[in-house]
Amino acid sequence: MSWPGVTERRIATNGIELNIAEAGEGPLVLLLHGFPESWYSWRHQFKPLADAGYHVVAPDMRGYGKSDKPAEIEAYNQVEVVNDIIGLIPALGKETAVVVGHDWGAPTAWACALNHPGVVRAVGGLSVPFMPRSPVPPMSLLREMFKGQFFYQLYFYEPGVAEAEFEADIRMALKKFLVMAGGETDLSALPAKQEGDDMFSNLPEPDELPEWVTEADLDFYEGEFRRSGMRGPLNYYRNHDLTWELTKDAPQTISQPAFFIAGDNDGVVMMAQEAIKIMPHFVTDLRMNELIPNIGHWTQQEAPEAVNDLMLSFLEELDG
């Protein structure tokens, strides 16, 4: 599916090639998607940002869409993913960029700013706040927190298991996953899950799609994941501990201008209340910290106008 004014091409960075979608000219704004998405999750942001005078670029992250898909699980640790994004900046002929991420793209954006302050001039996160490095390996923490319970990140950890479930009926899996995490869903009313359950079999099929995702949108996502498979996207979840080991000497404070936007009905926000509260201690120039009412996890897709207004306000203050 083409999107008006948006073109695609592949570009070399960090030893691989990423497919990018882009529009506009001017200072560079990089938009990083999460799971299970693609550059297309930013479709509503291209025109407003390009019209405001920015070169807007949203890559398919490694493992997704038309981008390269390294075979090794370890290739999806966040140090490598950050290097992909930092490498895009000179590859696009720029010296600096504003980097904005949603879901998995948010920790990547925060880490770009944290580790490369000379080239990331401002940063934004959607849904996932900045979190300082854990004092203990993350997987042991998750296993302790969710002992005896179903937790999707633990389910995703075993290679091949979640791939098989998603790929058995990719359209239905995406439909259930997207609607489940949207603002219309009462998470407390979902069927209870136990340790050892799968992701989708006891999730009801949505009767209809919410307004923010159409059958045409599902067509696009389904086509992308039929082409790319789910292994690369799921490998991001299998690198928590390796990323933790590789970042033991990383700085802990982001000083660039920053913003955080999320929906108040986002399950991530509900789990990350403490991180959101303490974020200003670690993100010292946090200029915007906004929760959008009645919005779930898919921030920029569920509330495109509100997100665009907030991002443009931030960029206007940044660039005067």
Side-chain angles (χ1 to χ4, degrees), residues 33-38 41 102-104 106 126-129 138-215 217-222 224-226 229-231 233-238 240 262-276 291-303:
H33 71 79
F35 176 92
E37 298 175 279
S38 92
S41 68
H102 167 257
D103 185 78
W104 260 114
L126 275 59
S127 176
V128 181
M139 288 308 298
S140 61
L141 193 62
L142 289 176
R143 289 188 182 103
E144 183 61 34
M145 286 174 62
F146 295 98
K147 193 172 185 178
Q149 305 174 55
F150 176 90
F151 182 58
Y152 72 102
Q153 295 197 26
L154 296 176
Y155 175 65
F156 289 172
Y157 191 75
E158 187 64 34
V161 175
E163 285 95 327
E165 189 182 11
F166 268 95
E167 292 169 5
D169 187 342
I170 191 69
R171 188 181 187 88
M172 182 58 67
L174 291 170
K175 186 176 181 180
K176 287 185 175 184
F177 198 85
L178 291 169
V179 174
M180 171 188 66
E184 304 80 12
T185 300
D186 178 0
L187 295 172
S188 67
L190 292 175
K193 285 184 178 293
Q194 309 298 324
E195 187 178 25
D197 283 352
D198 65 16
M199 186 86 208
F200 296 117
S201 58
N202 73 340
L203 268 184
E205 179 182 350
D207 293 329
E208 57 185 7
L209 292 173
E211 289 184 2
W212 58 269
V213 60
T214 66
E215 293 290 347
D217 297 332
L218 265 183
D219 289 344
F220 182 88
Y221 284 125
E222 180 185 8
E224 294 296 277
F225 288 107
R226 284 197 183 282
M230 296 301 300
R231 177 181 166 86
L234 287 162
N235 280 343
Y236 284 68
Y237 293 93
R238 297 165 182 153
H240 285 310
D264 69 353
N265 199 32
D266 184 342
V268 174
V269 167
M270 296 173 190
M271 288 190 295
Q273 293 286 344
E274 185 61 27
I276 294 171
L291 291 183
I292 303 172
N294 306 314
I295 295 302
H297 181 63
W298 315 107
T299 325
Q300 76 274 24
Q301 296 183 84
E302 292 186 59

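Remember, it's a predicted structure, so these values are computed and weren't measured experimentally.
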Only residue of Phe151, Trp104, Tyr236, Phe35 satisfying ring pair (Phe, Tyr, Trp, His ring centres under 6.0 Å) with Phe156 is Phe35
Quiz prompt | Side-chain donor/acceptor of Glu165 to backbone N/O of Met199, under 3.5 Å | solution = yes
For Asn294, the side chain to side chain contact (heavy atoms under 4.5 Å, CB included) test, sequence neighbours excluded, returns none
Is a side-chain donor or acceptor of Glu302 paired with a backbone partner of Ile295 at a separation under 3.5 angstrom?
-> no
(Q) Are Trp212 and His297, when compared by the centres of their aromatic rings, separated by less than 6.0 Å? (A) no
Classify the side-chain pair His102/Gln301 by whether it contains a donor and acceptor separated by less than 3.5 Å.
no
Side-chain heavy-atom pair Phe225, Ser38 within 4.5 angstrom cut-off: no
Closest heavy-atom pair, Pro210 versus Val179, reported as atoms and distance to 0.1 Å, is CD-CG2, 3.8 Å
Taken to the nearest 0.5 Å, the spacing of Met180 CE from Leu187 CG works out to 8.0 Å
Any side-chain heavy atom of Gln149 within less than 4.5 Å of one from Leu154? no
Minimal heavy-atom distance between Ala173 and Phe166, with the atoms involved, is CB-CD2, 3.7 Å
When rounded to the nearest 0.5 Å, the distance separating CG of Leu126 from CG of Asp103 is 10.0 Å
Worksheet item: Any idea how Phe177 and Phe200 line up, ring-wise: parallel (<30°), tilted (30 to 60°), or perpendicular (>60°)?
Response: perpendicular
Note: Lys193 and Asp198 closest approach over all heavy atoms is NZ-O, 2.9 Å
ask   = Quick one: does Trp298's side chain get under 4.5 Å of Glu37's, heavy atoms only?
value = yes
Review point. Looking at side-chain heavy atoms only, is the closest gap between Leu203 and Leu190 below 4.5 Å?
Key: yes
Heavy atoms of Val269 and Gly263 approach each other most closely as CG2-O, 3.6 Å
Taken to the nearest 0.5 Å, the spacing of Glu167 CD from Met230 CE works out to 7.0 Å
CG of Asn265 to CD1 of Ile292, rounded to nearest 0.5 Å, is 12.5 Å
Value for CD (Gln300) from OG (Ser127), rounded to nearest 0.5 Å, stands at 9.0 Å
So that I can tick it off, tell me whether Glu163 and Arg238 are bridged by a salt bridge, with the cut-off set at under 4.0 angstrom between side-chain N and carboxylate O. yes
Value for CZ (Arg226) from CD1 (Ile170), rounded to nearest 0.5 Å, stands at 7.0 Å
field: Pair Glu195 + Arg143, salt bridge at N-O below 4.0 Å
entry: no
Does a side-chain heavy-atom distance below 4.5 Å link Leu178 with Asp217? no
On a heavy-atom basis, the closest approach of Leu218 and Leu174 is CD2-CB, 4.2 Å
Smallest heavy-atom separation, Met270 atom then Asp264 atom, equals CE-O, 4.1 Å
